[in-house]
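See below for the structure under consideration.
Scope of the values below: all heavy atoms of this structure, side chains included, with no hydrogens, waters or symmetry mates.
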Amino acid sequence: GESFAAWSVGGFSKAVDVCRFYGSLDPGPNSHFYSVSAGECRFLMELAEQVPADQPRWNFEGYAFSVIPPSPDVTAPCPEAAVPVYRAYNDGFAKGVDSNHRYTTDLSVVAEMVAKGWLDEGVAFCSVPEEHLQTQYSPRVRSAAHGRRCAGYGAFFTTTKAPRRSPSLKPVALSSG
């Protein structure tokens with residue numbers, strides 16, 4: 001899987017908290033969904049209140065991390081040196097299958113998903129600027145989402161190079177395929 005760096009919720013004054021939704025194993029969708037858009041988050045929260053729990057819906061789990069929101073400028077949606085995180089959607093609702101989203105920093109992954117019939121939803125948010133990061137390896141890293149150890153695998157993750165008083169950063173690992 002891929003990962004990118006993000007601030008902890010409320011960890012940086014210029015960042016926006018990302019809302020996290022999960023369908024359900026049954027009746028679905030069996031997937032997570034992340035959004036930096038307050039309007040999109042509010043819409044899904046209100047929709048969940050209207051849809052019975054035994055019907056497919058997105059359930060709000062809370063705020064997962066903080067990132068820089070993209071600007072409306074499609075030619076430069078992220079500040080200089082920030083890393084765009086793209087979102088692709090399988091259009092599952094229209095196809096009558098579980099809805100699924102992929103988040104990636106790699107445009108070639110987006111192109112691969114689009115070639116398989118997915119929709120390119122553009123830049124979902126902007127990750128921490130690269131100059132603030134250094135890559136490290138840990139054989140005992142835990143999943144950012146669930147706090148579980150990665151069974152038998154180490155993982156690369158990012159940390160800040162900035163002084164201790166810098167905003168709190170954490171690795172975010174989301175499935176890329």
Side-chain angles (χ1 to χ4, degrees), residues 1-8 15-23 25 28-37 40-41 44 56 58 61 63-139 141-160 169-177:
E2 294 186 16
S3 67
F4 56 87
W7 289 277
S8 298
V16 173
D17 295 340
V18 175
C19 56
R20 175 181 162 150
F21 292 87
Y22 181 69
L25 292 174
N30 184 14
S31 181
H32 279 96
F33 175 76
Y34 300 86
S35 180
V36 71
S37 165
E40 192 170 48
C41 294
L44 289 174
W58 292 107
E61 290 189 319
Y63 294 94
F65 49 89
S66 295
V67 293
I68 302 166
S71 78
D73 181 358
V74 294
T75 60
C78 295
E80 188 176 336
V83 180
V85 178
Y86 305 95
R87 185 170 79 192
Y89 173 51
N90 74 343
D91 205 17
F93 183 78
K95 296 175 182 175
V97 298
D98 267 353
S99 291
N100 207 337
H101 295 82
R102 293 290 186 256
Y103 300 84
T104 181
T105 58
D106 186 345
L107 274 173
S108 68
V109 172
V110 174
E112 182 182 323
M113 301 308 290
V114 169
K116 293 178 180 180
W118 289 54
L119 304 175
D120 178 356
E121 294 189 324
V123 175
F125 44 83
C126 307
S127 184
V128 176
E130 291 181 16
E131 71 266 15
H132 295 289
L133 305 175
Q134 60 187 5
T135 301
Q136 297 181 358
Y137 179 77
S138 172
V141 73
R142 294 180 181 269
S143 161
H146 300 289
R148 289 186 230 146
R149 278 182 67 136
C150 301
Y153 298 98
F156 287 94
F157 65 100
T158 52
T159 59
T160 182
L169 291 173
K170 69 178 189 175
V172 178
L174 303 174
S175 173
S176 62

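- In this view, Phe33 and Trp58, His101 satisfy the ring-ring contact (aromatic ring centres under 6.0 Å, His included) rule, not counting sequence neighbours.
- Ala124 and Val36 make their closest contact through O-CG1, 3.2 Å (heavy atoms, listed as atom of the first residue, atom of the second, distance).
- Judged as a salt bridge (Lys or Arg N to Asp or Glu O under 4.0 Å), and not counting sequence neighbours, the contacts of Lys116 are Glu112.
- For the pair Leu119 and Val114, the tightest heavy-atom approach, listed with the atom from each and the gap, is C-CG2, 4.5 Å.
- With Arg87 contributing its side chain and Ser35 its backbone, the two residues share no donor-acceptor pair below 3.5 Å.
- Proximity of Arg102 to Asn100: side-chain heavy atoms (C-beta onward) are separated by under 4.5 Å at one or more points.
- Aromatic ring pairs are classed by plane angle as parallel below 30°, tilted from 30° to 60° and perpendicular above 60°; the pair Tyr22 and His32 is tilted.
- Nearest heavy-atom pair, Pro69 versus Cys126, reported as atom, atom and distance to 0.1 Å: O-SG, 4.2 Å.
- A distance-only check finds a donor-acceptor pair linking the side chain of Asn90 to the backbone of Asp98 [under 3.5 Å].
- For Val67 against Ala6, the heavy-atom pair with the smallest separation is CG1-CB, 3.9 Å.
- When atom types are taken as modelled, the side chain of Thr104 and the backbone of Tyr86 share no donor-acceptor pair closer than 3.5 angstrom.
- Between the CZ atom in Phe21 and the CG atom in Leu44 there is a gap of 4.5 Å [rounded to 0.5 Å].
- The shortest non-hydrogen separation linking Pro70 to Phe125 is CD-CA, 3.8 Å.
- With values rounded to the nearest 0.5 angstrom, Phe4 atom CZ is found 14.0 Å from Asp106 atom CG.
- At least one donor-acceptor pair under 3.5 Å links the side chain of Tyr103 to the backbone N or O of Tyr34.
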Is there a side-chain contact (heavy atoms from CB on, under 4.5 Å) between Tyr63 and Val16? Walk through the geometry before answering.
CA-CA 10 Å; Tyr63 294 94; Val16 173; over 6 Å; no

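- The heavy-atom pair separating Ala76 from Ser71 by the smallest distance is O-OG, 3.3 Å.
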